[in-house]
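Following: one structure in structure tokens, then a few remarks.
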Amino acid sequence: AISPGTELDVPGDGRAVVTLDDGSAVRLNGKTTLAFSSVARDAVSISEARGTAYYRVVKDPNRTFTVVTEEGTVTALGTAFAVARDAEQKTLDVSCLESKVKVALAKDGTKLEKEVGQGKTLSYDAKKTPDAGTSESAIDPQKIAVVPFFAWNITEDAKEGAPLGIAGEVKELAAATDSGDTEKVALLTAKEEPALAAVAPEPKPTAAVPAAGITLSGALSGNTAKL
């Protein structure tokens with residue numbers, strides 16, 4: 001079971017899944033490090049040090065769910081979202097696929113709080129103050145569906161019957177990408193955007209390896225470690 005203080009460090013060719021007691025899921029991509037600061041009944045808090053993690057959060061008015069990075073804090077509002085942090089470049093990207101999240105940034109006495117709605121990505125360059133270094137853009141469902149990490153997450157959410165938000169229209173494309181069906185990917189992308197047909201799925205990752213002191217429980221699904 002996941003407890004406060006649990007740290008996960010996924011290597012570059014791995015992935016890991018953590019399922020919480022309420023059914024919420026944390027899915028880590030390769031080269032991602034995070035730690036569970038709190039796993040209480042009324043509050044879950046995760047510190048993400050680097051990499052990309054996808055959070056599928058079950059809405060519960062009696063339980064807060066926050067992701068803390070050096071640049072700021074992301075609070076889930078019953079949602080599916082991804083947080084990507086480049087520790088070297090000091091950048092943060094928060095992409096909301098379903099519902100909305102609240103982002104709070106702070107640097108040099110300057111603060112910014114903003115809700116990021118479904119289908120939007122908030123990008124922050126932490127070398128600047130939040131008001132100068134923040135921008136928002138629309139997510140293109142067709143493009144994220146051919147990104148292996150997002151395709152995997154969309155497919156897993158679809159299997160679990162979770163709300164897909166903007167990904168609902170591309171779940172077939174995401175499933176084809178995740179399964180490595182390049183012919184179907186080419187067929188589906190050619191209908192919308194011919195240039196995407198050339199994007200081939202990346203090789204399947206190998207099993208994730210947890211940080212020292214953490215043991216894997218449950219079974220391996222494909223090449224993905226489940227905790």
Heavy-atom distance under 4.5 Å between the side chains of V185 and L173, does that happen here? yes

Residues in side chain to side chain donor-acceptor pair (under 3.5 Å) contact with T69, at least two apart in sequence or another chain: E71

Measure the CG-CD distance between L97 and Q118 for me, rounded to the nearest 0.5 Å. 8.0 Å

Test side-chain contact (heavy atoms from CB on, under 4.5 Å) applied to L112 - qualifying residues, sequence neighbours left out: L105, P130, T134

Can you name the residues that form a side chain to side chain donor-acceptor pair (under 3.5 Å) with D157, not counting sequence neighbours? R27, Y54, R56

Return each pair, listed once, that meets salt bridge (Lys or Arg N to Asp or Glu O under 4.0 Å) where at least one residue sits in residues 30-46; pairs must be two or more places apart or across chains. R41-D60

Taking only residues two or more places apart in sequence, or in another chain, which ones meet S95 in a side chain to side chain donor-acceptor pair (under 3.5 Å)? T121

Using a distance-only test with no angle check, is there a side-chain donor-acceptor pair under 3.5 angstrom linking D181 and S179? no

Please list, chain by chain and in numerical order, all residues satisfying side-chain contact (heavy atoms from CB on, under 4.5 Å) with D21, sequence neighbours excluded. R63

I'd like to check the salt bridge (charged side-chain N to carboxylate O under 4.0 Å, His left out) partners of E115; sequence neighbours left out, ordered by chain and number. K100

Side chains of L77 and V101: closer than 4.5 Å at any heavy-atom pair? no

What residues, two or more places apart in sequence or in another chain, satisfy side chain to side chain donor-acceptor pair (under 3.5 Å) together with K127? D125

Starting at CD of E136, measure out to SG of C96 and round the result to the nearest 0.5 Å. 10.0 Å

Regarding T33 and D9, is there a side-chain donor-to-acceptor distance under 3.5 Å anywhere? yes

Ion pair present between E88 and R50, side-chain N to carboxylate O less than 4.0 angstrom? no

For residues 72-84, pull every pair meeting salt bridge (Lys or Arg N to Asp or Glu O under 4.0 Å), keeping only residues two or more places apart or in separate chains. none

Under the side-chain contact (heavy atoms from CB on, under 4.5 Å) test, which residues partner T73, sequence neighbours left out? T66, V68, T75

If we only count heavy atoms from C-beta on, is the V74 to K102 side-chain gap below 4.5 Å? no

Would you call K111-D131 a salt bridge at under 4.0 Å N-O? no

Please check if the side chain of S38 supplies one atom and the backbone of A43 the other of a donor-acceptor pair under 3.5 Å. yes

S123 and D93 have their tightest heavy-atom pair at OG-OD1, 2.5 Å

Shared ILVMFWY cluster between V83 and I2, side chains joined below 4.5 angstrom? yes

Once you round to the nearest 0.5 Å, how far does NZ of K59 lie from OG of S99? 6.0 Å

What pairs of residues pass the side chain to side chain donor-acceptor pair (under 3.5 Å) test when at least one of them lies in residues 165-174, not counting sequence neighbours? E172-K184

Distance check, rounded to the nearest 0.5 Å: L28 atom CG versus I46 atom CD1? 8.5 Å

Rounded to the nearest 0.5 angstrom, the OG1-CZ distance for T91 and R85 is 8.5 Å

Compare all side-chain heavy atoms of L187 with those of E183 and state whether any distance is below 4.5 angstrom. no

Mind checking whether V147 and I166 sit in one hydrophobic cluster, side chains of I, L, V, M, F, W, Y counted as touching below 4.5 Å? yes

Output every pair passing ring-ring contact (aromatic ring centres under 6.0 Å, His included) with a member in residues 92-149, not counting sequence neighbours, ordered by first then second residue. F149-W152

Heavy-atom side-chain proximity of L20 to V44 below 4.5 angstrom: yes

I'd like to know if the side chain of K107 reaches the main chain of A126, judged simply by a donor and an acceptor atom lying under 3.5 Å from each other, with no hydrogens or angles considered. yes

